[in-house]
Amino acid sequence: MACFGPIAPHYDILMAKVPYRMWTSYYQLLLAKIDAKPSRLLDVCCGTGTAAELLAADGYIVEGFDISPQMIAEARRKADEKGFNIRYEIADAATFEMGKRYEGAYSFFDSLNYIVELPNLREAISRVGRHLLPGASFVFDVNTASAFEDHLFDQHETRRQAEIRYNWSGEYDRATRTIQVFMEFWRGDEKFTETHLQKAHSDEEIRVCLENAGFIDVRAFDSYTLNPPRKKSDRVHYVAVLR
């Protein structure tokens with residue numbers, strides 16, 4: 001299934017309106033909430049590295065990995081152009097090995113929803129734990145089933161003046177809590193397509209994965225707030241501390 005391949009060179013244009021600074025500021029707020037003061041961070045499923053760059057600019061030492069070679073190529077290109085000393089590796093979250101341990105890890109933009117098989121999610125979270133020092137934190141967000149039920153991925157931008165035009169359509173399977181998203185993109189006369197698959201893992205499944213990996217003090221928040229998740233929250237942030 002093509003995923004973050006053809007879109008990679010255009011990804012930052014597509015995401016130009018995403019408030020990355022708000023995301024990294026919220027991450028730092030959650031760190032403060034648990035009185036965590038990491039200096040070395042691991043970006044899990046880092047994409048093109050925009051969040052890593054912002055955190056590096058804030059003084060953190062950041063390294064990251066992503067399963068998409070094309071996204072990592074973009075991340076490395078950007079880091080070289082901007083003078084950031086950020087290590088990026090191509091790796092699968094369920095099998096990665098960075099060869100060191102960190103004081104904190106994070107994963108943004110529903111990356112863990114792309115791990116649709118529960119055993120793989122369990123292994124990915126376990127591997128994050130094995131890459132952290134005792135007392136380190138793991139902060140990540142996930143889309144919920146409510147997001148899929150509310151047609152989160154039914155989106156389009158078809159104005160001729162748009163730098164990238166797109167049309168997305170999601171097919172949600174309530175029984176498996178998975179959504180398949182068919183994406184069409186146009187940039188000038190170039191057209192390309194991708195198909196993405198996400199799963200809404202339950203709160204219980206996520207907490208069991210975290211606990212099995214040695215995480216304690218697991219907290220969940222209605223994203224971008226310090227409030228507990230609502231019944232209809234479309235995105236939830238988790239914060240966990242390694243034993």
Side-chain angles (χ1 to χ4, degrees), residues 18-47 49-66 86-87 93-94 96 98 100-115 121-144 146-147 200-243:
V18 170
Y20 282 98
R21 173 50 73 185
M22 184 270 283
W23 275 75
T24 57
S25 295
Y26 179 58
Y27 171 57
Q28 291 167 312
L29 175 64
L30 294 177
L31 291 178
K33 178 74 173 175
I34 60 172
D35 196 30
K37 299 179 177 65
S39 60
R40 291 174 292 145
L41 302 176
L42 176 63
D43 189 327
V44 177
C45 308
C46 62
T50 301
E53 290 176 2
L54 288 171
L55 289 166
D58 285 342
Y60 297 93
I61 299 168
V62 188
E63 299 186 350
F65 70 86
D66 198 280
I86 302 174
R87 172 193 174 196
F96 78 95
M98 297 293 283
K100 62 176 65 175
R101 301 172 83 183
Y102 303 84
E103 296 167 358
Y106 64 87
S107 187
F108 292 163
F109 303 111
D110 47 87
S111 295
L112 298 192
N113 288 103
Y114 284 93
I115 306 175
L121 179 67
R122 185 182 303 118
E123 182 59 25
I125 291 175
S126 178
R127 283 187 171 271
V128 171
R130 294 201 292 272
H131 279 76
L132 294 178
L133 294 167
S137 60
F138 183 30
V139 177
F140 61 93
D141 68 276
V142 292
N143 284 329
T144 68
S146 290
H201 297 284
S202 70
D203 178 73
E204 180 182 4
E205 289 169 337
I206 291 170
R207 288 178 181 273
V208 168
C209 288
L210 287 166
E211 290 165 6
N212 288 346
F215 288 96
I216 58 175
D217 191 21
V218 178
R219 311 185 196 187
F221 300 92
D222 185 28
S223 287
Y224 323 119
T225 78
L226 296 179
N227 301 323
R230 299 172 291 109
K231 185 176 180 180
K232 294 293 288 181
S233 290
D234 57 9
R235 186 186 298 272
V236 173
H237 267 76
Y238 286 86
V239 180
V241 176
L242 189 68
R243 184 180 296 112

Could you tell me whether the side chain of [X] and the main chain of [Y] form a donor-acceptor pair under 3.5 Å?
X      : Y      : answer
Tyr20  : Thr50  : no
Ser39  : Tyr60  : no
Ser25  : Met22  : no
Asp110 : Asn143 : no
Glu205 : Ser202 : yes

Quick test of your reading of the model: are [X] and [Y] salt-bridged, counting only N-O distances below 4.0 Å?
X      : Y      : result
Glu123 : Arg127 : yes
Arg243 : Asp217 : no
Asp234 : Lys232 : no
Lys100 : Glu63  : yes

Check [X] against [Y] and note the closest heavy-atom contact, atom names and distance.
X      : Y      : result
Arg235 : Thr144 : N-CG2, 4.2 Å
Gly214 : Leu242 : O-CD1, 3.6 Å
Ala56  : Ile86  : CB-CD1, 4.0 Å
Ala124 : Ile115 : CB-CD1, 3.8 Å
Phe96  : Val128 : CZ-N, 3.8 Å
Gly104 : Ala136 : N-CB, 4.1 Å

Distance in Å, [X] [atom1] paired with [Y] [atom2], rounded so as to fall on 0.5 Å steps:
X      : Y      : atom1 : atom2 : answer
Ser137 : Leu132 : OG    : CG    : 7.5 Å
Leu55  : Gln28  : CG    : CD    : 6.0 Å
Leu42  : Met98  : CG    : CE    : 5.5 Å
Asn212 : Ile125 : CG    : CD1   : 9.5 Å
Cys46  : Glu53  : SG    : CD    : 10.5 Å

Identify which one of Val44, Leu30, Leu41 satisfies the side-chain contact (heavy atoms from CB on, under 4.5 Å) criterion when paired with Val139.
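Going through Val44, Leu30, Leu41 one by one, the side-chain contact (heavy atoms from CB on, under 4.5 Å) with Val139 is satisfied by Leu30 alone.
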
Can you list the residues that meet the side-chain hydrogen bond (donor to acceptor under 3.5 Å, both in side chains) rule with Lys231, with sequence neighbours excluded?
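side-chain hydrogen bond (donor to acceptor under 3.5 Å, both in side chains) check on Lys231 returns nothing, list empty.
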
With a 4.5 Å limit on heavy-atom distance, are the side chains of [X] and [Y] in contact?
X      : Y      : result
Val142 : Ile206 : yes
Leu210 : Phe138 : yes
Leu29  : Tyr224 : no
Val239 : Val218 : no
Trp23  : Arg21  : no
Lys33  : Arg219 : yes
Phe221 : Asn227 : no

Under 3.5 Å, is there a donor-acceptor pair between the Ser233 and Asp222 side chains?
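Result is yes, a qualifying pair exists.
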
Will you find, in the side chains of Ser126 and Arg130, an N or O donor that is under 3.5 Å from an N or O acceptor?
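There is such a pair between these side chains.
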
Ring centre gap for Tyr27 and His237 strictly below 6.0 Å:
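Aromatic pair excluded; centres sit 6.0 Å or further apart.
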
Determine the interplanar angle of the Tyr102 and His131 rings, folded into 0 to 90°, and report it as parallel if under 30°, tilted if 30 to 60°, perpendicular if over 60°.
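Ring orientation, 0 to 90° scale: parallel.
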
Mutual orientation of the aromatic rings belonging to Phe140 and Tyr238 [parallel < 30°, tilted 30-60°, perpendicular > 60°]
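Plane angle under 30°, so parallel.
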
